[in-house]
Asks: 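Encoded as structure tokens, here's the structure I'll be asking about.
A, B, ... follow the sequence lines: proteins, then strands. Residue 1 opens every chain.
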There are 2 protein chains.
Amino acid sequence: MPAIKTQRNGSKKQVIIGKAARLFREKGFAATSMRDLAEEVGVEAASLYNHIQSKAEILQDICFRTANLLTSHLEKIEHSQQTAIEKIKAILSFHIQQMLNNYEEVQVADREWRHLTEPYLSNFKTQRRAYRQRLANIIEEGIRKRHIKPIDTSTAVLIMLHAVSGIESWHRSTERISAEQLEDNMLIILVEGLKI
Amino acid sequence: MPAIKTQRNGSKKQVIIGKAARLFREKGFAATSMRDLAEEVGVEAASLYNHIQSKAEILQDICFRTANLLTSHLEKIEHSQQTAIEKIKAILSFHIQQMLNNYEEVQVADREWRHLTEPYLSNFKTQRRAYRQRLANIIEEGIRKRHIKPIDTSTAVLIMLHAVSGIESWHRSTERISAEQLEDNMLIILVEGLKI
DNA sequence: CCTACCGATCGGTAGG
DNA sequence: CCTACCGATCGGTAGG
């Protein structure tokens, strides 16, 4: 019954990856040992290898799942009929939602991708560069149509993406505002300044 | 001649810390070995210990030097007679300058401080929290005087600081704009949206 | 899923 | 500043 076996392996693998994301975010990829991960999962370190191939594979799964999620959402927005400002708001809103609901994996993908090995490292960097370029193109479109100030698009992209990835600090803050308020405030600060 | 000896040790120690900052930024603190660092410096690993006490001490030096630099600049700005908007611009401008001129140490302090051990870890977190609070207070002052939109101050601080720390990507980009243009653009995007 | 274990590498020390 | 070396820990495998 290979179908059931795959299913079982798949679900246990996802548990392992989820726990790994938590540890990688807390301590970093390099400082997290397979024995740390095993303890978190509740098995011996050797047993992890019945479900995953290597420590590197876990990082690959986390990084590319996140990258693909963001890329495919960007694709949808690109093909919509919204104005540039609306598109940017939709993209940032999606980033914020991902950060709030799935922040461990998103942050690991954002911070620990440097530990990917080739050819995954190059693939990831290429996908990342393409994503930023496409976001810059949307801003460029807004500038051409005079909805957005004539700023440097690369700088704007850089600010937006890094600002969003900073939500971590908020996430663990004691004096929290609601997720809705957070999103509203971020969009005001990041987008209103762009408008003409 | 203890004065000369201290001077010599001091300068060689600074060389080691500088090389370490480069490696810690590239590969992360945990993934950088003392043998990697020794090779970069041009000595055997054991010889490093004539100049530094431990790997941990190098990270402490980098993190607190950067933290103290930013804190003491903030102090100056706080006591000046500028408006809140001007103060924020001055602080961000200083961050951007530090990032451009000294980005390796600044980035290590920003990204690798999690690897500090106690009591340094707690000290660093406290200093960091205080810095953000004082920046938030300046924004709060601007809101009270109706120079700044009534946004959530913690969110604004979070966005600003993370946006600035994202300059790394730009620094290694091929299609660069000038440092001046970068700073102008960042201040427009980050500050203009705040104004009423 | 476990016990037992591998070679490699780690941060750091002794002694000169 | 080097050679020689330490105990600890790493990612991963063999075999059951």
Asks: Just checking, any donor-acceptor pair under 3.5 angstrom between side chains of B:Glu180 and B:Ser178?
Replies: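 On atom types as modelled, these side chains do not qualify, holding no pair under 3.5 Å.
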
Asks: With a 4.0 Å cut-off on N to O distance, would you call A:Lys27 and A:Glu112 a salt bridge?
Replies: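 No salt bridge links A:Lys27 with A:Glu112.
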
Asks: How many whole angstroms separate atom CD1 of A:Ile58 from atom C1' of D:dG11?
Replies: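 My rounded result for the distance is 11 Å.
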
Asks: Tell me the interatomic distance from A:Ile52, atom CD1, to D:dG11, atom P, rounded to whole angstroms.
Replies: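 So the CD1-P distance, A:Ile52 to D:dG11, works out to 10 Å.
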
Asks: Return yes if some donor-acceptor pair links the side-chain N/O of A:Asp110 with the main-chain N/O of A:Gln107 below 3.5 Å, else return no.
Replies: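 Answer holds: no.
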
Asks: Under 4.5 Å between side-chain heavy atoms, hopping through other hydrophobics if needed: is there a path connecting B:Tyr49 to B:Ile16?
Replies: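 Result: yes, single cluster for both.
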
Asks: Which atom pairs link the protein and nucleotides 14-16 of chain D when you take only N or O atoms and keep those under 3.5 Å?
Replies:
none

Asks: Run through B:Glu40, B:Glu104, B:Glu105 and flag the one making a side chain to side chain donor-acceptor pair (under 3.5 Å) with B:Arg22.
Replies: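 It is B:Glu40; the other options fail the test.
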
Asks: Side-chain contact test, heavy atoms from C-beta onward, threshold under 4.5 Å: evaluate it for B:Glu78 versus B:Arg134 and give yes or no.
Replies: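 Yes, side chains in contact.
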
Asks: Nearest-Å distance, CG (B:Leu48) to P (C:dT13)?
Replies: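 Value for this atom pair: 13 Å.
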
Asks: What I want to find out is whether B:Lys145 reaches B:Glu141 closely enough, with some N-O distance under 4.0 Å, to be called a salt bridge.
Replies: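 The answer is yes: the pair qualifies as a salt bridge.
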
Asks: I want to know whether A:His95 and A:Tyr131 have ring centres closer than 6.0 Å.
Replies: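 Ring-ring flag for A:His95/A:Tyr131: true, centres closer than 6.0 Å.
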
Asks: Examine the side chains of A:Gln97 and A:Asn102 and answer whether a donor and an acceptor come within less than 3.5 Å of each other.
Replies: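 Short answer, no.
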
Asks: Once you round it to whole Å, what is the distance between C1' of C:dT13 and CD of B:Gln53?
Replies: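 After rounding, the reported distance stands at 14 Å.
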
Asks: Measure from CG on A:Leu23 to P on D:dC10 and round the result to the nearest Å.
Replies: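 Rounding to the nearest Å, CG of A:Leu23 and P of D:dC10 are 13 Å apart.
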
Asks: Is the CD atom of A:Gln53 crowded by more than 12 outside heavy atoms at less than 6.0 Å?
Replies: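 Check fails, neighbour count at 12 or below.
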
Asks: Toss me the dot-bracket line for DNA chain D: Watson-Crick and G-U wobble, both under 3.5 Å, 5' to 3', using | for pairs to another strand and [ ] for crossers.
Replies: ||||||||||||||||

Asks: If only side-chain N and O atoms count, and only distance matters, is there a donor-acceptor pair under 3.5 Å linking B:Asn123 with B:Glu118?
Replies: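 Side chains of B:Glu118 and B:Asn123: no pair found under 3.5 Å.
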
Asks: Would you kindly give the NZ-to-P distance between B:Lys55 and C:dG12, to the nearest whole Å?
Replies: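 After rounding, the reported distance stands at 8 Å.
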
Asks: Please list, by residue number, the residues of residues 31-44 of chain B whose heavy atoms come closer than 4.0 Å to an atom of DNA chain D; answer none if no residue qualifies.
Replies: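 DNA chain D contact set from residues 31-44 of chain B: B:Val43, B:Glu44.
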
Asks: How close or far is atom P of D:dC1 from atom NZ of B:Lys13, stated in whole angstroms?
Replies: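 From B:Lys13 NZ to D:dC1 P: 15 Å.
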
Asks: Tell me: CD1 of A:Ile16 to P of D:dG11, nearest whole Å?
Replies: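 In whole Å, D:dG11 P lies 14 Å from A:Ile16 CD1.
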
